[in-house]
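Everything on this sheet refers to the single structure shown next.
Keep in mind that this is a model prediction, so the values were computed, not measured. In what follows, every chain begins at residue 1, and chains take the letters A, B, ... in the order their sequences are listed.
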Amino acid sequence: MEVADHKTQSLENGQAAEEEVDEIENDNVLQFMDSMDAYLTLVHSLSSTLRQGWLDLASARHSMGAYRLNTALLDHTSHPAATSLLVDEGKEPHFTLCKWRSSGNEKLLLGEEQSSHDKSHPQLRHRGATLLSEEKTSFENKASCEIDDQVQKERSKSLSVFGTLVSPKLRAAQLSFETALETLVEIANTRSEMLRAFDKVNQKSGGSKD
Amino acid sequence: MANRAQIPNSNSALIAMIADEDTVVGFLLAGVGNVDLRRNTNYLIVDSKTTVKQIEDAFKEFTTREDIAVVLISQYIANMIRFLVDNYNKPVPAILEIPSKDHPYDPAHDSILSRVKYLFSAESVASGRR
């Protein structure tokens, strides 16, 4: 009787373990399918954004003239990229887009220094909490306006390669391609997730074949 | 030198491009262009005069440079060097195939999707059932 109970219990434990393994495998497959679906959706979105960008470029070329919008005018002197990526390597690499980075970071640092300077001066507290929070909000607004101004300056600098006065369509094209860059970074991150999920699924199916 | 990791953690890196004129100009407007002191750029503009060898060399250069994290390549250009693109399997830089004006994106040719599509083939389903 005891032996029969023991056998039943071990059978149940075995079944539970198998069910758990199946659940993990199903989770891996679901994760892979989700990431592949996200990848395809993002690529479709990228196609639309790029199409808009090409259309705007064609319109700009039509209004400005082909001689004013061609690769012969590109700046070949040494200059760094204004838009770059931050890469965080780990189990899977993660990419973060930094648009018009040089100007934005400088202003952010300036903001942090200012707020830490305010904290070290207690006499501001005598003005009252409301005034202090209003000053902080107005400072933050001012900082964000300054960052926006700097970003606009960087954008104008990028456009100035093709002349001082450019078609509004060229500005629209610039915004389209900026959006396309954001989508591309999402695609790169989704690609990493998809490959990781694929490796998990592949590992499991390879292990079960053995 | 040879054993150094390709990109250090949390470091700034570039986006490289191998594409047609309009695509490259568009992304350059978005601030992606970089020219170093030796006048090396992070992009190659492909036109009717560009040879397959030039594209191969650019691909090899961009995938071995330490300061590049993503390589954008138009899918129709990737098809010209498909054997190189499909054999590339490092996580960084990531190779992203993008559509071009005259050649829409085809998922059947995407190297990442080709790598994973065998999971959905009849063979793999049948082998799983054995």
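Heavy atoms closer than 4.5 Å to chain B are found in both the backbone and the side chain of Leu85(A). For Leu28(B), the parts lying under 4.5 angstrom from a heavy atom of chain A are both the backbone and the side chain. For Asp22(B), the parts lying under 4.5 angstrom from a heavy atom of chain A are both the backbone and the side chain. Only the side chain of Leu57(A) has a heavy atom closer than 4.5 Å to any heavy atom of chain B. Contacts of Asp110(B) with chain A are made by side-chain atoms alone, with heavy-atom separations under 4.5 Å and no backbone atom involved. With a 4.5 Å cut-off on non-hydrogen atoms, Pro80(A) touches chain B through its backbone and its side chain both. Proximity to chain B is limited to the side chain of Arg61(A), based on heavy atoms less than 4.5 angstrom apart. In this structure, chain B has no heavy atom under 4.5 Å from any part of Leu175(A). Interface remark: Thr71(A) contributes backbone and side-chain atoms alike to the contact with chain B (heavy atom separation under 4.5 Å). Only the side chain of Leu96(B) comes within contact range of chain A, judged by heavy atoms closer than 4.5 Å. Contact annotation for Leu74(A): only side-chain heavy atoms (C-beta onward) come within less than 4.5 Å of a heavy atom of chain B.
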(request) Check the pair Asp47(B), Lys49(B) against salt bridge (Lys or Arg N to Asp or Glu O under 4.0 Å), reporting the backbone distance first and the verdict last. (result) CA-CA 5 Å; Asp47(B) 55 22; Lys49(B) 294 174 191 169; over 6 Å; no
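By the neighbour-count criterion of 12 heavy atoms within 6.0 Å, atom CD of Glu20(A) is sparsely surrounded, having that number or fewer from other residues, nucleotides or ligands.
Put simply, of Asn42(B), Val70(B), Asn40(B), the one with the most heavy-atom pairs under 4.5 Å next to chain A is Val70(B). Your options are Leu14(B), Leu37(B), Thr41(B), and the one with the most heavy-atom pairs under 4.5 Å with chain A is Leu37(B). Residue with the most contacts toward chain B among His94(A), Arg191(A), Arg171(A): Arg191(A) (heavy-atom pairs, distance under 4.5 Å). Contacts with chain A were tallied for Gly31(B), Pro99(B), Pro104(B); Gly31(B) has the most, counting heavy-atom pairs under 4.5 Å. Heavy-atom pairs under 4.5 Å with chain B were tallied for Leu170(A), Leu40(A), Leu184(A); the largest tally goes to Leu184(A).
Glu56(B) approaches Phe83(B) most closely through the heavy-atom pair OE2-CZ, 3.6 Å.
To the nearest 0.5 Å, atom CG of residue Asp148(A) and atom CZ of residue Arg155(A) are 8.5 Å apart.
Between Tyr76(B) and His103(B), the ring planes lie parallel to each other; the angle is under 30°, not in the 30° to 60° tilted range. Relative ring orientation between Phe27(B) and Phe177(A) is described as perpendicular, the plane-to-plane angle rising above 60° on a 0-90° scale split at 30° and 60°.
In the model, Asp56(A) has no side-chain atom that pairs as donor or acceptor with a side-chain atom of Ser59(A) under 3.5 Å. For the residue pair Thr49(A) and Thr179(A), no side-chain donor N or O sits within less than 3.5 Å of a side-chain acceptor on the partner.
Contact annotation: the side chain of Glu178(A) approaches that of Trp100(A) to within less than 4.5 Å [non-hydrogen atoms, C-beta and beyond].
A donor-acceptor pair is defined here as one N or O able to donate and one able to accept, closer than 3.5 Å; such a pair exists between the side chain of Asn70(A) and the backbone of Tyr67(A).
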